[in-house]
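To start, the structure under review is shown below, and the notes come after it.
Being a predicted model, the structure only gives us computed values, none of them experimental. Numbers here are sequence positions counted from 1.
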Amino acid sequence: MRISTQNLFKMGGARLSDLQGELARTQLQISSGRRILVPSDDPAGSARALDITQSQSMNTQFGVNRQSATNALSETEGVLSSVTSLLLDVKTATIAAGNGALTDSDRGFLATELRGRFDELLGLANARDALGNYLFSGFQTATPAFVQTAGGVQYQGDQGQRLVRVDTAREMAISQTGKSVFQGNGQDVFRTISDLIVLLETPGAPGLTAGLATANSRLELALDSVLAARAQGGARLRELDALDDAGGDRNLQYSSALSDLQDLDYAKALTQLTQQQTTLEAAQRSFVTVSRLSLFNYL
């Protein structure tokens with residue numbers, strides 16, 4: 001069988017091109033640290049790596065969501081902590097008002113103090129988060145939760161609770177409605193304080209003792225509502241901590257699995273690179289030698 005000079009050069013050039021391509025691919029693998037450069041290098045491994053990458057991306061987004069939920073719940077807890085302290089102060093004033101040694105003027109001073117606490121409470125109930133959203137308005141985040149009218153303090157929000165997906169199968173409420181916190185549990189804390197102020201401002205008010213007892217009882221109910229809301233928030237914050245720990249563990253598992261699929265075995269790759277360089281150099285010398293063969297060399 002005879003091989004023409006043209007075919008000889010064509011076959012030799014193709015072989016050298018293949019060897020150079022393999023060498024270049026190995027060099028690229030070493031420089032990038034990746035075993036799989038294109039899906040065709042390992043179709044099954046590439047598909048698995050894509051699945052893991054997508055799962056890791058979702059896990060990362062859940063982590064972002066959990067941080068957002070933590071911030072929202074922490075802001076609410078801060079406000080409710082202030083509300084708790086305020087209501088305890090109001091209870092202290094209510095108990096003090098029952099002292100028989102106090103005059104009408106003394107109780108008037110207490111009433112003035114309570115008016116200031118009332119305004120402070122209304123401000124806390126209309127607190128906003130870092131983005132300017134009202135904390136206790138439900139879905140109506142652009143509307144103040146409460147407004148004072150001639151008929152008393154009215155709730156302007158709704159009963160919606162904002163939810164955040166914090167894990168694959170977990171949606172968490174990150175808000176409390178003002179209606180349940182400040183006007184739930186069979187009481188309206190704003191009306192309770194308003195009635196208490198009127199009672200203390202009335203000289204020689206009949207039924208003072210009974211009125212103070214009623215106010216104290218209703219304040220207890222208000223405190224129960226606030227403390228229940230704080231307990232819910234605290235439980236959710238603890239759950240978020242646990243989910244964060246689990247999410248961190250999953251992220252490590254995903255990173256390890258991706259490393260096993262994609263990362264290069266440098267020792268093996270460097271050995272392969274040396275072999276490919278040697279093979280290419282040998283092929284180049286052989287091609288040069290063969291390309292010079294001619295009958296004229298033997299004449």
Side-chain angles (χ1 to χ4, degrees), residues 61-91 114-167 170-198 215 218-241 243:
Q61 183 59 54
F62 289 142
V64 173
N65 292 354
R66 285 192 294 271
Q67 185 58 56
S68 176
T70 297
N71 292 341
L73 290 170
S74 296
E75 288 174 333
T76 300
E77 163 58 23
V79 173
L80 293 180
S81 176
S82 297
V83 171
T84 301
S85 297
L86 186 150
L87 292 180
L88 288 173
D89 289 345
V90 174
K91 276 180 61 65
L114 290 180
R115 284 194 179 278
R117 306 319 298 269
F118 178 93
D119 292 339
E120 182 182 350
L121 179 63
L122 186 59
L124 290 170
N126 284 329
R128 303 189 192 200
D129 62 19
L131 298 177
N133 298 317
Y134 288 95
L135 291 177
F136 300 107
S137 293
F139 293 143
Q140 309 302 316
T141 55
T143 302
F146 295 94
V147 62
Q148 189 166 12
T149 68
V153 174
Q154 303 296 323
Y155 182 59
Q156 297 188 118
D158 56 31
Q159 298 305 309
Q161 283 191 306
R162 298 190 298 279
L163 301 176
V164 171
R165 176 77 64 178
V166 294
D167 206 3
R170 178 69 169 104
E171 272 191 336
M172 178 178 289
I174 62 169
S175 65
Q176 300 275 359
T177 65
K179 189 74 173 177
S180 63
V181 175
F182 298 95
Q183 295 177 327
N185 200 19
Q187 59 78 40
D188 179 338
V189 67
F190 299 109
R191 181 171 295 279
T192 295
I193 297 178
S194 293
D195 290 345
L196 179 59
I197 291 171
V198 171
R218 289 176 179 172
L219 287 170
E220 283 289 347
L221 293 175
L223 270 171
D224 287 345
S225 293
V226 174
L227 293 176
R230 294 183 67 184
Q232 287 180 348
R236 289 165 186 165
L237 285 169
R238 288 192 295 273
E239 182 182 355
L240 287 171
D241 285 339
L243 289 173

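Across all their heavy atoms, Thr177 and Gly160 have their closest contact at CG2-O, 3.5 Å. Pairing each heavy atom of Arg165 with each of Phe62, the nearest pair is CG-CE2, 3.3 Å. Here the closest non-hydrogen pair linking Val79 and Ala127 is CG2-CB, 3.8 Å. Arg128 and Leu135 get closest at one heavy-atom pair: C-CG, 4.1 Å. For Pro144 against Ser137, the heavy-atom pair with the smallest separation is C-OG, 3.5 Å. Taking every heavy atom of both residues into account, Phe118 and Ser194 meet most closely at CE1-OG, 3.3 Å.
When side chains are defined from C-beta on, Leu80 counts as touching Phe136, because their heavy atoms get closer than 4.5 Å. Under the 4.5 Å side-chain criterion, counting only non-hydrogen atoms from C-beta, Lys179 is in contact with Gln159. Counting heavy atoms from C-beta on, the side chains of Val166 and Glu239 never come closer than 4.5 Å. Between Gln183 and Phe190, some side-chain heavy-atom pair lies under the 4.5 Å cut-off. Looking at Phe139 and Arg162, their side chains come closer than 4.5 Å, going by heavy atoms from C-beta outward.
In this structure, Arg191 places its CZ atom where only 12 or fewer heavy-atom neighbours from other residues, nucleotides or ligands lie under 6.0 Å away. Dense packing is recorded around CZ of Arg66, with more than 12 heavy atoms of other residues, nucleotides or ligands lying under 6.0 Å away.
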Run the numbers on Leu196 and Val90 for side chain to side chain contact (heavy atoms under 4.5 Å, CB included), then give the verdict. CA-CA 10 Å; Leu196 179 59; Val90 174; 4.2 Å; yes
side-chain hydrogen bond (donor to acceptor under 3.5 Å, both in side chains), that's the test. Do Asn71 and Gln67 meet it? Break it down for me. CA-CA 6 Å; Asn71 292 341; Gln67 185 58 56; 3.0 Å; yes
Quick one, Thr76 with Ser175, criterion side chain to side chain contact (heavy atoms under 4.5 Å, CB included). Give me CA distance, side-chain angles, the key distance, then yes/no. CA-CA 8 Å; Thr76 300; Ser175 65; 6.0 Å; no
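A salt bridge links Glu120 to Arg117: one of the charged nitrogens lies within less than 4.0 Å of a carboxylate oxygen.
Atoms CG and CG, from Leu114 and Asp119 in turn, are 11.0 Å apart once rounded to the nearest 0.5 Å.
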